[in-house]
K.L.:
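Sending over a structure as structure tokens; questions will come in a sec.
When reading the values below, keep in mind they use all heavy atoms of this one structure, side chains included, and skip hydrogens, waters and symmetry mates. Protein chains get the first letters and strands the later ones, always in sequence-line order, with residue 1 at the start of each.
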Amino acid sequence: MPEGHVVHRQARQLTTAFKGEKVRVASPQGRFTAAAKVVSGKTFTKAEARGKHLFIGFDNLRWIHIHLGLYGKWQFGKGAQPDDTGLIRLRITAATNFAQLRGPAVCELLTASEMAAVLARIGPDPIHKQADPERAFERVHRSAAPIGALLMNQRIFAGVGNIYRAEVLFRHELSPFTPGRLLTREQFDAIWSDLVFLMTLGVKDGRIDTVRAAHLPEAMGRQPRVDRHGGEVYVYRREGMKCFECGAKVQMADMQGRKLYWCAKCQVG
DNA sequence: AGCTCATGGCGAG
DNA sequence: TCGCCCTGAGCTG
């Protein structure tokens, strides 16, 4: 259940493990068997991430497109595969490394043009160096929808999920309910560049940390907060706890079926 | 053992 | 906006 930074790490890990090797591809579960046979024995050229989408290239000709959705999970290892404790949709095996995937929302074989079509329907990804934030600004600038919802829209901000959404809004003292069209250019630019910073850091560290030095546990006289997601954050999943900035209780509400966390005192506007 | 919830996204209505 | 979906961790009891 990753946000974009995890998918980018997985792309890097797959590339490191298999680049340039002829790999065996199989689908023990059976739901991807026919496609797996098409690419099995071919050369793994590279794996790439865009937003939460992962593409694995074979001979730079065919691509396996994966989206983990809420449940998908990769397992990496060397040598023999462990006993399967679940259904393995996709297994990639080379001389020393293996990787196996269970529970993805999407696992399909695409041509280059089909892959281009997927890329065309997602917005700029803050982790991607060539991302064009103007595309996101145009959408935000003419939208009446709340910025908290726009940040979760993968056609606008690819790779942002529920944690980065909540945290970037807190860091910019912006209410999640602010209509997109009311954001100034300066506010949009600040949010975009902060997403680039935070998500790039997430790729490097493999966790989401958003708390500034002055608010870190050692400066606040408190224990580090080890959440399931494994990072130090201001508001995500801190409902009812004290805001590190102002001491007010962190709020939680439902926004379009997802839990939204924010500090109503700090985040005005 | 059973229930709830989760870093997500799709299509029906 | 709602229901649903391929999983598994963390609770409760």
K.L.:
Report the nucleotide, chosen from B:dC5, C:dG8, B:dG8, that has the shortest atom-to-atom distance to any side-chain atom of A:Leu70.
P.N.:
B:dG8
K.L.:
Is A:Arg171 paired with A:Asp194 through a side-chain N to carboxylate O contact shorter than 4.0 Å?
P.N.:
yes
K.L.:
In whole angstrom, what separates A:Met199's CE from B:dT7's P?
P.N.:
15 Å
K.L.:
Please give the remaining members of the hydrophobic cluster of A:Phe98, linking ILVMFWY side chains under 4.5 Å, ordered by chain and number.
P.N.:
none
K.L.:
Between A:Asp254 (CG) and B:dA6 (C1'), how many Å, whole number?
P.N.:
14 Å
K.L.:
Could you tell me how far B:dC10 sits from C:dG8 if I compare only their P atoms? Round to whole Å.
P.N.:
22 Å
K.L.:
Look at all strands and tell whether A:Arg237 reaches a base, only sugar-phosphate, or nothing, counting heavy atoms closer than 4.0 Å.
P.N.:
sugar-phosphate
K.L.:
Base, sugar-phosphate alone, or nothing: which one does A:Tyr236 contact when heavy atoms must sit under 4.0 Å apart?
P.N.:
sugar-phosphate
K.L.:
Run through the side-chain heavy atoms of Ile, Leu, Val, Met, Phe, Trp and Tyr, join any pair under 4.5 Å, and report what else lands in A:Phe177's cluster.
P.N.:
A:Met255, A:Leu260, A:Trp262
K.L.:
Between A:Phe44 and A:Phe18, how do the two ring planes meet: parallel, tilted or perpendicular, split at 30° and 60°?
P.N.:
tilted
K.L.:
Charged N to carboxylate O under 4.0 angstrom, A:Arg237 versus A:Glu167?
P.N.:
no
K.L.:
Please list each protein N or O that sits under 3.5 Å from an N or O in nucleotides 9-13 of chain B, with the distance.
P.N.:
unit_1, atom_1, unit_2, atom_2, d
B:dG9, OP1, A:His67, NE2, 3.1
B:dG9, OP2, A:Lys52, NZ, 3.4

